[in-house]
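Report on one structure; see the data block that follows.
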Amino acid sequence: MACDSATCGSSSCGSQEACCAPQKKPTGSQLVFCVKCKEGVVARVVANQSEPMCLGCLHASLLSKFKTAINNHSLVTPSDNVLLAFSGGPASRVALEFLREIRSKAQSDKDASRDHRSGLTVFGLGVVFVNEATVLQVSSADAQLVEDKISSIVCTGSPRLETLHIARLEDVFKNELSQRLRALLESVQDMTGREDLIEYLRMQVLQQVAKEHGYTKLVLGLCTTRIAARVLAATAKGQGYSLPADIQYLDSRWPVPVVLPLRDCVTRELVLHCHVANLDTVFIRNLSTMADRSSSINNLAHTFVTSLQEENASREYTIARTAAKLMPFSFNYSECPSTYLANRRRKDLLATNITPMNNKEMSSSSGSEVLCPVCSSPLDMLDYCNSDTDRVSLEENGRHIDEEDLEYCGGSDRGIHSFTHQSIAFQTVFCASCRFQILPDVHTKGIQTYELLPGSMRERAQKQFKDKYSWMRHQIEDLLIEEDGAESQT
Amino acid sequence: MGRQMCELCKDRRAALIRPRNRQQLCQQCFFVAFENEIHKTIVDNRLFKPGERVAIAASGGKDSTVLAHVLTELNRRHNYGLDLFLLSIDEGITGYRDDSLETVKRNEIQYGIPLEVLSYKALYGWSMDEIVREIGRKNNCTFCGVFRRQALDRGAAKVKADKMATGHNADDIAETVLLNIIRGDIARLSRCTAIITGEEGALPRCKPFNLGNLDCLFTYAYYKKLDYFSTECTYSPNAYRGYAREFIKDLESIRPRAILDIIKSGESFRFALTTKMPEQGTCEKCGYISSQKWCKACVLLDGLNRGLPRLGIGRTRGKSSSATGIQTDNSCSDKQTSIRNDKRILKPSLDF
C-alpha cells in the first residue's frame, strides 16, 4: 500500500489509490483537485502555503527544490563523495531519500551510456550518525537501541546500500572520554551556550569522520524553518555579523565543505512527505526536548517562529529571505566559479568601468576571515582589532577589566610567553557570543571550560592569539626600539 | 544577603540594582550615573549643536517624560545652549490621549519649556476615534503610526525646529530590529539602529536613549517621582508589535543582555550590495518623503475619505497606483487641503 517515493515519480503517481494516509482531506463533499498536475487528480495535502496538491506533486515539488539548490550552487558534482549527516529526523530522512533517488537516476544514466565511454561518474554516498547519548546520560542500552534504529533505516530501502558511520559526540576528544565531555558541558552554565557548544562539537565530529573516510562534501538537513529560528536566535545572541555564514547553501570554511540542499524546504512539508511516503524517522531526545520553552534562546526562537507561522504561513520564508540579503563570506562561494561567470563579470566591469559590485568581490577580503576557535564564526574585525569594544561585556565586566589591566601592565615586559589564557587580551580571540555564553570567565577564576575544550579548539585559540600578538607588534614596529631580548621572542 | 553600600560613593546604602550590570547603587549615584550616560551619548554622537531648536516628542508617557526631564536638566547643567520645547500629537483617542495630554501640559509648567500640540483632527480631518469606528480594532495602529510620524514632522516644521528628540529606548529599538527581520523590511532594518536618522533631510531625529534599558528609565522615573501617564493605548492590544515585544520580554528573562545584543546585531548586519533598496522620493500629493507615488499617509487618508478604509492596508501586488486603487485625478476633498497647503515645509526623514 505504501507509496514508495523512490518509484513514485511526479507524473506516474496519478492513481491516488496506491498512496496511503491521506493527510488532509478536502473539507466537505466538494473535491479539491491538485493545482500542479492539472490532470483532475484529487489533492491530498496543502503545500507551498496554500496550494492543494496530490502526493506525487508534493514529492516532485520538494525534490525539485532540493535539486535546484544542488544544481544552481554546484553543491554536489559527479566526482564528489558525499557524506550525509543523518539525525533520524524528517529533514535528514528526506535528504537521504532524495540523494538516493538522484544517485540511482545517475547510475542508470551511466549504465545506459556505458557503450559510449562518455566517462560519466556517479557521486559516492555515505551516512553518518552522531550519537549524543552521553549528553543526556542515557544508559548504554538505550544508546545502542537508537543506533540500531538508525542502522535499520539506513540499511534498508535502497538497492545499493550506503556505508553507515556511527560516531559518538565524545569522539571529538581523541580517546573517547565521555567523562570529559560531561565535565565540559557541565562547566558551561548558560543553557543556550551548552546547546550551542554541543552543536559545535557535533560539527567537529562530523568533520573528523568525513576527513577520515575521504568524503568531499557534508550534507546537512538544515531547512527553512530551522534557518528562520536560527536567524532570530543568532540576532538575540549578538551574532549579527557572522550570521550569514551559517545559512548559505555552501560553507567551505571547514576541511570538508558543508552544503545545505534543503535550505528552501520547510519542516512542515518534510514531515508531511515522510508521513505520506512512509519514510521511517527516529525520535531522539535532546537537551531541549520537553524542556520549558524559555529554557534557552534557541528554544524560544523556535517556539516564536512556530507561533508566527500560525498567523502567517509564509513567515519562515520571509525571515530566511531577509537573512539571505545579508552579505555572505568568501567561503560561502564555490572555489572555482565557472569561467562563464568570470567572463561575464569581467565584461560587466569593462562596460561600466566601476569597481565590481558582485557579492564575491565585495565580501570581505578573499578567504582571510579570522574564525572564532570555538564556534568557527567569522570575527568582526572591529571587535577583533580593538580589544574590548564589546559594549555589553565592557559594561558587565567593567570592574574586573580595570583591575586586571593594572596587574597586566605591570608585567608587560615579559613578552609573549608570559601571556596566559587568563589574560584579558586572550579573550578577544573568541567571538563575543562565545565569550559570554561558553567562556564567560576565561580571564578570571574559571579557566576550567577552556581547559576542557577539545585540543583542536585550544590549539586554534593559542595560534590565533600568537598571530594577533605578532600582528599588533607589526602595527607598532616603527616605534619599537630594538632590544636583544625582545627580537628573539617574536 | 544584607543591604550593601553603594558601589560608587561607598557612603550611602545601596537602594537599587542596575539591571544591565548588576551594580548596586544609591539613589543619588544612580541619577548621576544615568544622566552622565545620556550626556555621554549626546556628546559622543554629536546629537545636538549649540543654538539648535529641539523638539522633544512628548506623549506624556514614561520615556518621553524622562527625556524631557533629563534634556532640560542636562541643557542647564552643561550649557548645551539648546532651545527646547515639547511637541505633542493629539490623536483623538478618548480615555487615553486626552488624559496623557494633561500630563504633558503639567510638564510644560514643571520644566518651563513651551508645548505645541497638533491634532489629527486638525491635520487630517479624522480623529483616531473616528478612524477606529470606520476600520475596526484591527490594523488601526497602522493609521495611527503613519499619521503620527508625519504629524510630528509637520508640527516640528510649523514651529521651526531644527531637530527632534524621541524617547525610543533600547527595548523599542530591539523590537524594531526583530519586526523588520520578520517582515523582511531590509531598508528599515539597515537604518533602524542608527542613533540619528534623516540627517540629510530638514528635520533629523535622534534617540538619546538608544541604549537605555526600559527598567533603567522606569527606575529613574520612579525615584525622581516624575509625573507621567502610564496606560496602554485603548486601541493597541491587537498591534503586531506585541508579538515582538513578548518575545523580547521572554528573551530578557533568560538573558538580560539580549536586548543590547539584538541592537548590536542590528548594527553589524552588512547588506549585500545587490539588495534593492527603495528609492527615496516625494509624495506627488503632499510633498512628504515617500518611496512610492503617494506617501502612505495620503494613501490611507484617501481610502478613509472615499469610504474604502482598507485601501493601503495589507498586501497590494504591484506598485502602480491603479493596483492600490488610488484616484489619480486628484479630486481632493476639503479634508486634504490642509495637507496640500504646507507642501513646501516637508522634506523630513524616514521612519525607523
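Letters A, B, ... mirror the listed sequences (proteins, then strands); counts begin at 1. Note that this is a predicted model, so its numbers are computed, not measured.
Note that the CG atom of A:L243 and the CD1 atom of B:I181 stand 7.5 Å from one another [nearest 0.5 Å]. Taken from OG in A:S307 to OH in B:Y243, the straight-line distance is 7.0 Å, to the nearest 0.5 Å. For the atom pair OG1 of A:T235 and CZ of B:F269, the computed distance is 4.0 Å after rounding to the nearest 0.5 Å. In this structure, CD in B:E267 is found 15.0 Å from OH in A:Y241, a value given to the nearest 0.5 Å. Expressed to the nearest 0.5 Å, how far CG of B:L251 lies from OG of A:S294 amounts to 10.0 Å. For the atom pair A:L300 CG and B:I254 CD1, the distance stands at 4.5 Å (nearest 0.5 Å).
Heavy atoms closer than 4.5 Å to chain B are found in both the backbone and the side chain of A:L326. Neither the backbone nor the side chain of B:I248 comes within contact range of chain A, judged by heavy atoms closer than 4.5 Å. Only the side chain of B:I186 comes within less than 4.5 Å of a heavy atom of chain A; its backbone N, CA, C and O stay farther away. Of the atoms belonging to A:V231, it is side-chain heavy atoms, and not backbone ones, that fall under 4.5 Å from chain B. Using a 4.5 Å cut-off between heavy atoms, A:S242 does not touch chain B at all.
Proximity of a side-chain donor or acceptor of B:S265 to a complementary backbone N or O of A:Q239 within less than 3.5 Å is detected.
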Kindly indicate, with the supporting measurements, whether the criterion side-chain contact (heavy atoms from CB on, under 4.5 Å) is fulfilled by B:I182 and A:F304.
CA-CA 11 Å; B:I182 294 168; A:F304 183 55; 3.5 Å; yes

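For A:A233, the side chain to side chain contact (heavy atoms under 4.5 Å, CB included) partners two or more places apart in sequence, or in a different chain, are A:K237, A:I297, A:N298, A:A301.
Top candidate by heavy-atom pairs under 4.5 Å with chain B, chosen from A:E316, A:R321, A:K325, A:M191, is A:K325.
Nearest heavy-atom pair across A:A236 and B:D261 is O-CB, 3.3 Å. For the residue pair B:F271 and A:M327, the shortest heavy atom distance occurs at O-CE, 3.4 Å.
Atom CZ of B:F31 is surrounded by more than 12 heavy atoms from other residues, nucleotides or ligands within 6.0 Å.
Cation-pi check for B:R255 over A:F436 is not met; the charged atom does not lie both under 6.0 angstrom from the ring centroid and within 45 degrees of its normal.
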